[in-house]
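Everything below concerns the one structure shown next.
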Protein chains: 2
Amino acid sequence: MKKKAVLNNNAVCQTRMTAIKDTMGILSGKWKFHILGTLIRGEKLRFMDLLREIDGIGTKMLSKELQDLEMNHLVKRTVFNTKPVTVEYEITEYGKTLSPIIEEIANWGIDYRNKLHKKSEVTV
Amino acid sequence: MKKKAVLNNNAVCQTRMTAIKDTMGILSGKWKFHILGTLIRGEKLRFMDLLREIDGIGTKMLSKELQDLEMNHLVKRTVFNTKPVTVEYEITEYGKTLSPIIEEIANWGIDYRNKLHKKSEVTV
DNA sequence: GAAATTAGTTTCCAAAAGGAAACTAATGGT
DNA sequence: ACCATTAGTTTCCTTTTGGAAACTAATTTC
């Protein structure tokens with residue numbers, strides 16, 4: 001008889017795994033955290049502001065990632081009827097609920113660097 | 001004169017961004033969270049156990065991801081001199097420090113699903 | 001002697017991700 | 001007339017990621 005999974009083979013684990021997949025799907029890609037972090041600090045920013053703030057990103061990626069975030073109600077996009085057009089991006093209240101995750105990830109990464117420096121003199 | 005970044009243009013932000021990049025680099029890929037989550041719950045598991053527990057993963061990916069995690073001291077690999085060879089994987093104490101991140105991500109994902117279901121009033 | 005089990009590695013391939021540069025379209029400035 | 005700016009989109013290309021299947025190698029079981 002074939003062996004089956006035991007640990008992950010229950011509703012609680014399946015739910016948690018799906019939840020992790022959902023969250024990470026929404027936060028996937030090279031730039032989501034940078035965009036969210038910048039918007040959390042900056043309140044209202046225009047497209048070109050974000051392009052300047054986020055080092056290395058290009059227009060295609062910025063545009064695409066902002067669309068993703070907007071679709072998930074994490075970022076709000078407002079178009080003003082000026083000439084030329086003005087577009088403002090801001091984090092939503094719902095988007096702000098990601099702050100604890102971002103905090104945890106940032107702090108873990110800072111600890112990781114500190115541990116690397118203590119254990120050896122490896123510069124990453 | 002060209003405009004420059006203001007928000008992200010300071011040492012604290014740069015450090016935080018690097019930290020996030022580090023953490024997410026270590027946790028990158030389709031399977032890291034699943035492997036870590038399973039090992040956190042299961043203590044000691046063999047290669048074939050993990051292959052059975054983690055639905056959909058193949059030998060190549062499991063092997064490669066375990067190597068990554070071992071390199072970062074998040075997982076410990078122990079080979080036993082049996083015939084055929086036995087290999088045990090377990091989470092390290094350091095690996096357990098990722099639990100808060102995994103918890104936050106799982107809980108956010110669960111909330112996200114709940115919000116989607118009662119999305120009659122999506123307050124953004 | 002064939003098949004199964006252990007823990008992987010290797011090869012080949014398809015899909016996804018991401019970047020650079022060109023382009024749109026309206027308008028304001030020199 | 002020509003360039004700059006706004007906020008993107010489109011195209012083309014390279015890199016990265018991930019999966020399926022075959023393979024290794026030693027040993028035990030049928």
Side-chain angles (χ1 to χ4, degrees), chain A residues 1-5 17 20-22 24-36 38-39 42 44-72 75-90, chain B residues 1-5 17 20-22 24-36 38-39 42 44-72 75-90:
Chain A
M1 185 187 152
K2 209 176 159 191
K3 284 184 201 171
K4 285 194 72 179
M17 283 207 234
I20 290 170
K21 250 183 86 179
D22 284 350
M24 296 317 295
I26 288 165
L27 299 176
S28 69
K30 202 175 167 181
W31 301 107
K32 297 263 166 59
F33 281 104
H34 294 289
I35 295 172
L36 289 169
T38 304
L39 287 173
K44 286 179 186 173
L45 290 167
R46 295 167 62 180
F47 188 84
M48 292 306 285
D49 294 332
L50 285 164
L51 205 60
R52 278 184 288 265
E53 289 292 337
I54 299 163
D55 194 48
I57 200 169
T59 55
K60 194 190 84 171
M61 279 292 115
L62 180 56
S63 172
K64 188 228 154 209
E65 300 288 66
L66 283 169
Q67 279 171 28
D68 289 356
L69 294 171
E70 199 197 346
M71 251 193 293
N72 286 308
V75 161
K76 189 177 148 204
R77 178 176 180 270
T78 314
V79 182
F80 293 95
N81 203 10
T82 56
K83 301 150 191 173
V85 68
T86 304
V87 180
E88 264 181 15
Y89 291 94
E90 59 186 309
Chain B
M1 188 187 152
K2 208 177 158 190
K3 285 183 200 170
K4 284 194 71 180
M17 283 208 234
I20 290 170
K21 251 183 85 178
D22 284 351
M24 295 319 293
I26 287 166
L27 299 177
S28 69
K30 200 175 168 180
W31 301 108
K32 297 265 166 59
F33 281 103
H34 293 288
I35 296 171
L36 288 169
T38 304
L39 286 173
K44 284 178 187 175
L45 291 166
R46 293 165 64 179
F47 188 84
M48 292 306 286
D49 293 332
L50 286 164
L51 205 60
R52 277 185 288 264
E53 290 292 336
I54 300 163
D55 195 48
I57 200 169
T59 55
K60 194 190 85 171
M61 280 292 116
L62 180 55
S63 171
K64 187 227 154 208
E65 300 288 65
L66 283 169
Q67 278 170 28
D68 289 356
L69 294 171
E70 200 197 344
M71 253 193 292
N72 286 308
V75 161
K76 188 177 147 203
R77 178 176 179 271
T78 314
V79 183
F80 293 95
N81 202 12
T82 56
K83 300 151 192 175
V85 69
T86 303
V87 180
E88 265 182 15
Y89 291 93
E90 59 186 310

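Sequence lines set the chain letters: A, B, ... in the order given, protein chains first and strands last, and positions in each chain run from 1.
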Mind calculating the distance between [atom1] ([X]) and [atom2] ([N]) to the nearest angstrom?
{"X": "B:Leu62", "N": "D:dA20", "atom1": "CG", "atom2": "C1'", "answer": "15 Å"}
{"X": "A:Asp68", "N": "D:dG8", "atom1": "CG", "atom2": "P", "answer": "14 Å"}
{"X": "B:Leu69", "N": "C:dG8", "atom1": "CG", "atom2": "P", "answer": "13 Å"}
{"X": "B:Leu45", "N": "C:dT6", "atom1": "CG", "atom2": "C1'", "answer": "16 Å"}
{"X": "B:Met61", "N": "D:dG18", "atom1": "CE", "atom2": "C1'", "answer": "5 Å"}
{"X": "B:Gln67", "N": "C:dG8", "atom1": "CD", "atom2": "P", "answer": "8 Å"}
{"X": "B:Arg52", "N": "C:dG8", "atom1": "CZ", "atom2": "P", "answer": "14 Å"}
{"X": "A:Ile35", "N": "C:dG18", "atom1": "CD1", "atom2": "P", "answer": "11 Å"}

Would you mind reporting whether A:Val75 and A:Leu36 have side-chain heavy atoms less than 4.5 Å apart?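 Answer yes - side chains close enough.
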
Does B:Leu27 reach the side chain of B:Phe33, with side-chain heavy atoms less than 4.5 Å apart?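 Yes, their side chains come closer than 4.5 Å.
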
For A:Ile26 versus A:Lys32, what's the shortest heavy-atom pair and its separation?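 Minimum heavy-atom contact is O-CD, 3.4 Å.
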
To check you understand the geometry: which heavy-atom pair defines the closest contact between B:Thr38 and B:Leu50, and what is its length?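 Shortest heavy-atom contact: CG2-CD2, 4.1 Å.
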
[X], nearest nucleotide to its side chain (from [options]):
{"X": "A:Lys30", "options": "C:dG19, D:dA7, D:dG8", "value": "C:dG19"}
{"X": "A:Met48", "options": "C:dG8, D:dA7, C:dT6", "value": "D:dA7"}
{"X": "A:Val87", "options": "C:dT6, C:dA7, D:dG8", "value": "D:dG8"}
{"X": "B:Tyr89", "options": "C:dG8, D:dT27, D:dT9", "value": "C:dG8"}
{"X": "B:Trp31", "options": "D:dG19, D:dG8, C:dA7", "value": "D:dG19"}

Is it the case that the base of C:dG19 and the side chain of A:Lys60 share a donor-acceptor contact (distance under 3.5 Å, atom types as modelled)?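 Yes, the side chain and the base share a sub-3.5 Å donor-acceptor pair.
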
Any donor-acceptor pair under 3.5 Å between the side chain of A:Thr59 and the base of D:dT9?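 Such a pair is found, so the answer is yes.
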
Taking only distance into account, with no hydrogens and no angle test, what donor-acceptor pairs under 3.5 Å do side-chain atoms of residues 82-90 of chain B form with protein atoms, sequence neighbours excluded?
from, atom 1, to, atom 2, distance (Å)
B:Thr82, OG1, B:Pro84, O, 2.9
B:Thr82, OG1, B:Thr86, N, 3.1
B:Thr82, OG1, B:Thr86, OG1, 2.6
B:Tyr89, OH, B:Arg77, NE, 3.3

Between A:Glu65 and B:Val85, which residue's closest nucleotide on DNA chain C lies nearer the 5′ terminus?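 Residue closer to the 5' terminus by nearest nucleotide: B:Val85.
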
Take A:Gly58 and A:Pro84, find for each the nucleotide of DNA chain C with the closest heavy atom, and name the residue whose nucleotide sits nearer the 5' end.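 Upstream on the strand: A:Gly58.
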
At under 4.0 Å, does any side-chain N or O of B:Arg46 touch on OP1 or OP2 of C:dA7?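 Indeed, a polar side-chain atom of B:Arg46 lies that close.
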
Under 4.0 Å: is that the gap between some side-chain N or O of A:Thr86 and OP1 or OP2 of D:dT6?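 For A:Thr86, the contact criterion (side-chain N or O under 4.0 Å from OP1 or OP2 of D:dT6) is not met.
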
